Amino acid sequence: MHTVVERELELDLVLSPERSIPVPARLTYRTDDPYAVHVTFHVGSDSPVNWTFARELLVEGVFRPCGQGDVRVWPTKVDGRSLVCMALNSPDGEALLLAPAAAVSAWLERTLRVVPPGSEQAHLGLDKGLSELLAMAWRDDPWPGDGWPADESPEPGA
């Protein structure tokens, strides 16, 4: 069973230094995708805009500037309000979004309680999948006996 941690909040889409518009958004974290955060923006179009990036990037970005390329995150203060800036770049355009730092931090704290940093790999199910794959391989072993076909044997010292 997988856990999902979500948070609805309103971000500000910066249009110019003097003007921004509110954009409803949903932050989603899923234990079956433990390294990523998913952000869905409801921008008034037929379908929402979805972005996925590293949870670690958002965690670090709450405290200091980080990221390069398509996603950059950094903390700032505007009119005394603590905010998290997210700069997103894609072939379709660029967006600068401002999120309330307290809301983002509280949501991130919930994700970190569900999957602490460094334990993400355990949630991927790789060990279970590998065990199942190996069990199938042994079950379907085409070579009875010692595991070597009659015309082959291991190299000495192998």
Side-chain angles (χ1 to χ4, degrees), residues 1-140:
M1 184 170 86
H2 298 289
T3 301
V4 176
V5 179
E6 291 187 317
R7 172 76 190 244
E8 300 278 338
L9 67 147
E10 190 170 271
L11 307 179
D12 289 326
L13 174 62
V14 177
L15 303 175
S16 73
E18 301 83 29
R19 186 165 180 251
S20 64
I21 58 171
V23 175
R26 178 184 305 123
L27 301 175
T28 304
Y29 179 77
R30 300 188 319 253
T31 57
D32 63 338
D33 191 6
Y35 290 103
V37 295
H38 306 272
V39 185
T40 302
F41 303 102
H42 303 281
V43 293
S45 62
D46 290 338
S47 58
V49 175
N50 297 298
W51 276 79
T52 300
F53 52 91
R55 175 177 71 163
E56 185 178 327
L57 181 68
L58 191 55
V59 168
E60 186 176 338
V62 168
F63 298 103
R64 65 185 125 315
C66 66
Q68 56 187 354
D70 294 343
V71 180
R72 292 177 292 122
V73 183
W74 67 94
T76 193
K77 282 193 183 261
V78 175
D79 297 329
R81 292 178 34 215
S82 293
L83 302 169
V84 176
C85 298
M86 291 182 277
L88 308 175
N89 294 301
S90 79
D92 295 326
E94 300 176 354
L96 176 59
L97 295 136
L98 304 177
V104 172
S105 295
W107 176 79
L108 280 171
E109 186 65 36
R110 288 176 48 212
T111 75
L112 295 169
R113 280 195 304 268
V114 171
V115 178
S119 72
E120 294 91 350
Q121 185 174 358
H123 293 271
L124 292 174
L126 295 178
D127 291 337
K128 181 182 177 202
L130 184 58
S131 295
E132 290 171 359
L133 183 62
L134 291 173
M136 288 185 339
W138 282 111
R139 203 171 38 243
D140 298 336

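These values consider heavy atoms only, across backbone and side chains, with no hydrogens, waters or symmetry-generated copies. Note that the structure is a prediction, hence the values are computed from the model and not measured. The chain is numbered in sequence order, starting from 1.
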### Query
Between atom CG of L96 and atom CG of L13, what is the distance when rounded to the nearest 0.5 Å?
8.0 Å

### Message
Testing the basics here: between A25 and L11, what is the closest heavy-atom pair and its distance to 0.1 Å?
### Response
CB-CD1, 3.8 Å

### For W107 against V5, the heavy-atom pair lying closest together
NE1-O, 3.1 Å

### Task
Only counting residues at least two apart or in another chain, list the ones meeting side chain to side chain donor-acceptor pair (under 3.5 Å) with S105.
none

### Query
Taking only residues two or more places apart in sequence, or in another chain, which ones meet R113 in a side chain to side chain contact (heavy atoms under 4.5 Å, CB included)?
E109, R110

### Summary
Heavy atoms of P75 and P65 approach each other most closely as CD-N, 3.9 Å

## Note on the structure
Nearest heavy-atom approach of C66 to L57 is SG-O, 3.2 Å

### Within 6.0 Å of CD in E6, more than 12 heavy atoms from elsewhere
yes

### Query
For E8, what residues pass the side chain to side chain donor-acceptor pair (under 3.5 Å) criterion, not counting sequence neighbours?
R26

#### Entry: Contact summary for A99 and L9, nearest pair of heavy atoms
CB-CD1, 4.3 Å

### Message
Is the shortest side-chain heavy-atom distance between Y29 and L58 below 4.5 Å?
### Response
no

## Note on the structure
Rounded to the nearest 0.5 angstrom, the CE-CG distance for M86 and L98 is 8.5 Å

### Message
Could you measure the distance from the CG atom of L97 to the CD atom of E10? Nearest 0.5 Å is fine.
### Response
11.5 Å

### Query
Can you tell me how far CH2 of W51 sits from CG of D70, rounded to the nearest 0.5 angstrom?
5.5 Å

#### Entry: Nearest-0.5 Å distance, CZ of residue R55 to CG of residue D33
10.5 Å

### Query
Hey, does the side chain of W74 reach the backbone of G67 with a donor-acceptor pair shorter than 3.5 angstrom?
no

### Task
Please round to the nearest 0.5 Å and tell me the distance separating atom NE2 of H2 and atom OG1 of T31.
6.0 Å

### Message
Among L108, T111, V104, exactly one meets side-chain contact (heavy atoms from CB on, under 4.5 Å) together with V59. Which residue is that?
### Response
L108

### Query
Taking NZ, NE, NH1 and NH2 as the nitrogens, is one of them in R81 or D79 under 4.0 Å from a carboxylate oxygen of the other?
no

#### Entry: Distance-minimising heavy-atom pair for D12 and S20
CB-OG, 3.9 Å

